[in-house]
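The block underneath contains the structure these notes are about, expressed in structure tokens.
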Amino acid sequence: EVTDALEEFDSLRAGRRLTQYVDDLSNWYVRTSRRRFWDGDPAALSTLHECLEVLTRLLAPFVPFVTEAVHDALVVSCCPDLPDSVHLRDWPVVDGSLVDPQLTEQVALARRLVELGRTARAESKTKTRQPLGRALVSAVGWDELPAELRELVAAELNVGALETLSGDLVDVHVKASFRPLGARFGKGVQAVAAAIAAADPVELAAAVRAGTASVVVDGEQVALSRDEVVVTETPRSGWAVASGPGATVALDLEVTPELRRAGLVRDAVRLVQDARKSSGLDVSDRIELWWQASGEVAEALQEGSARLAEEVLAVTVTHGAPTANVAHHDDAELGLRFWLRAAGG
């Protein structure tokens, strides 16, 4: 896409596409793969290096000095057989054999479900760090989504389980999508819209998902595509729902005491991570951690000490103050005091 845009001297379109790619890379791939990077996963590191190396060449005409510095650090140090300047490198060429359309669609679906789930949280004023028991999903392609991507969606939505949205939990509504129907039927669009409105919404919604939707118009069976029918599925009381084209995500808003304690652990993780940054620690540095709290917070941290250690890269998590002189951090809202230092410090 960048090459095509530059061939047309459209640097604005090329720059916008690169901006979108940088956002995809940093806010999706890098963020969701950070544990693989911590573990030194060769596949994850190789993929990231490939993305950054090609991106550097694509950005070179736009930011020549920054890309030269990045190329020197990223390529010259490990690939002495390549030119030592990004501006002497060949322009990247697409290898179509590496494109996996099915995987592309599945990851796009996973990201769309995550966005819908976050919208549902925001509209219900349920904070992201509060774990929820389950989310219900209805989407074209959901049944074929691999387990690995389902787990990623669950982790991103901070829910314990993902289940298929079923009719007995929701109120289903269907209506015509007038733009595609109008382009196809012209003046006859109102008759098709009326037939859609008169159809059984649960049955039509199921047929839309299966790709077999149709209605009877003036005595004739008319097939409908997925983009010609708008399906809205609204969970009943105690749920938050967000819908988009071909997809619905519903969150079970019941917060049990166990889920509430898990949320308190998440709050503690955020505080420790912020303290790590302010202390100048590298993202991969291991730490020693001590904490003091009372009541439900203490119960939550004792119950979730393993999760806390895993998330903040702590080799030890100790209830109580350290014997050594270590600076402390306080959070009045949570009623938590904690100490940390680099492991072995």
Side-chain angles (χ1 to χ4, degrees), residues 26-27 30-39 114 117-135 151-161 238 240 251-345:
S26 61
N27 290 326
V30 171
R31 185 176 54 77
T32 59
S33 302
R34 63 185 185 276
R35 193 167 302 283
R36 298 174 66 195
F37 297 139
W38 293 344
D39 295 338
V114 168
R118 289 175 177 166
T119 298
R121 273 187 179 268
E123 291 177 350
S124 64
K125 296 181 172 54
T126 304
K127 61 182 182 180
T128 304
R129 289 189 301 275
Q130 174 57 60
L132 297 174
R134 59 176 174 158
E151 292 171 3
L152 182 56
V153 171
E156 288 292 299
L157 296 183
N158 195 13
V159 296
L251 301 177
D252 185 346
L253 298 180
E254 181 185 3
V255 177
T256 64
E258 182 180 6
L259 289 173
R260 174 170 167 75
R261 291 194 298 272
L264 292 173
V265 174
R266 288 268 186 152
D267 288 335
V269 167
R270 176 185 60 83
L271 293 170
V272 175
Q273 298 288 42
D274 288 346
R276 283 178 57 105
K277 292 179 184 178
S278 64
S279 299
L281 294 169
D282 189 83
V283 293
S284 60
D285 286 342
R286 268 51 180 176
I287 64 170
E288 296 173 280
L289 179 66
W290 298 262
W291 62 269
Q292 284 184 340
S294 59
E296 190 176 22
V297 174
E299 183 181 355
L301 294 182
Q302 288 172 331
E303 185 178 280
S305 61
R307 178 64 183 275
L308 176 62
E310 180 183 18
E311 290 293 327
V312 303
L313 301 184
V315 295
T316 60
V317 176
T318 305
H319 182 195
T323 55
N325 184 21
V326 182
H328 67 266
H329 306 263
D330 293 298
D331 183 78
E333 182 179 354
L334 206 60
L336 173 66
R337 168 172 288 190
F338 63 93
W339 301 257
L340 64 85
R341 67 180 180 189

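Side chains included, hydrogens not; waters and symmetry mates left out as well; all remaining heavy atoms used.
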N/O donor to acceptor pairs below 3.5 angstrom from side-chain atoms of residues 289-300, sequence neighbours left out:
{"from": "Glu296", "atom 1": "OE1", "to": "Arg260", "atom 2": "NE", "distance (Å)": "2.9"}
{"from": "Glu296", "atom 1": "OE2", "to": "Arg260", "atom 2": "NE", "distance (Å)": "3.4"}

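- With sequence neighbours excluded, the residues forming a side chain to side chain contact (heavy atoms under 4.5 Å, CB included) with Ala324 are Val326, Arg341, listed by chain and number.
- For residues 314-324, the set of pairs meeting the side-chain hydrogen bond (donor to acceptor under 3.5 Å, both in side chains) definition, not counting sequence neighbours, comprises Gln302-His319.
- Screening residues 292-313 for ring pair (Phe, Tyr, Trp, His ring centres under 6.0 Å) gives no qualifying pairs among residues at least two apart or on separate chains.
- Pairs engaging residues 324-334 under the salt bridge (Lys or Arg N to Asp or Glu O under 4.0 Å) rule: Asp330-Arg337 [sequence neighbours left out].
- In this structure, the side chain of Thr256 engages the main chain of Leu259 through a donor-acceptor pair within 3.5 Å.
- With sequence neighbours excluded, the residues satisfying side chain to side chain contact (heavy atoms under 4.5 Å, CB included) with Asp282 are Ser284, Asp285.
- With sequence neighbours left out, the side-chain hydrogen bond (donor to acceptor under 3.5 Å, both in side chains) criterion links Thr126 to Ser124.
- A side-chain hydrogen bond (donor to acceptor under 3.5 Å, both in side chains) check over residues 271-281, counting only residues at least two apart or in different chains, returns nothing.
- Every residue two or more places apart in sequence or in another chain that forms a side-chain hydrogen bond (donor to acceptor under 3.5 Å, both in side chains) with Arg118 is listed here: Glu156.
- Residues meeting the side chain to side chain contact (heavy atoms under 4.5 Å, CB included) test with Glu310, sequence neighbours left out: Arg35, Arg307.
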Please table the atom pairs, donor to acceptor, closer than 3.5 Å between any side-chain atom in residues 261-270 and protein atoms at least two apart or in another chain.
{"from": "Arg261", "atom 1": "NE", "to": "Glu303", "atom 2": "OE1", "distance (Å)": "3.2"}
{"from": "Arg261", "atom 1": "NE", "to": "Glu303", "atom 2": "OE2", "distance (Å)": "3.3"}
{"from": "Arg261", "atom 1": "NH2", "to": "Glu303", "atom 2": "OE1", "distance (Å)": "3.3"}
{"from": "Arg266", "atom 1": "NH2", "to": "Asn158", "atom 2": "OD1", "distance (Å)": "2.9"}
{"from": "Asp267", "atom 1": "OD1", "to": "Arg129", "atom 2": "NE", "distance (Å)": "2.9"}
{"from": "Asp267", "atom 1": "OD2", "to": "Lys127", "atom 2": "NZ", "distance (Å)": "3.1"}

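- Residues passing the side chain to side chain contact (heavy atoms under 4.5 Å, CB included) test with Glu151, sequence neighbours excluded: none.
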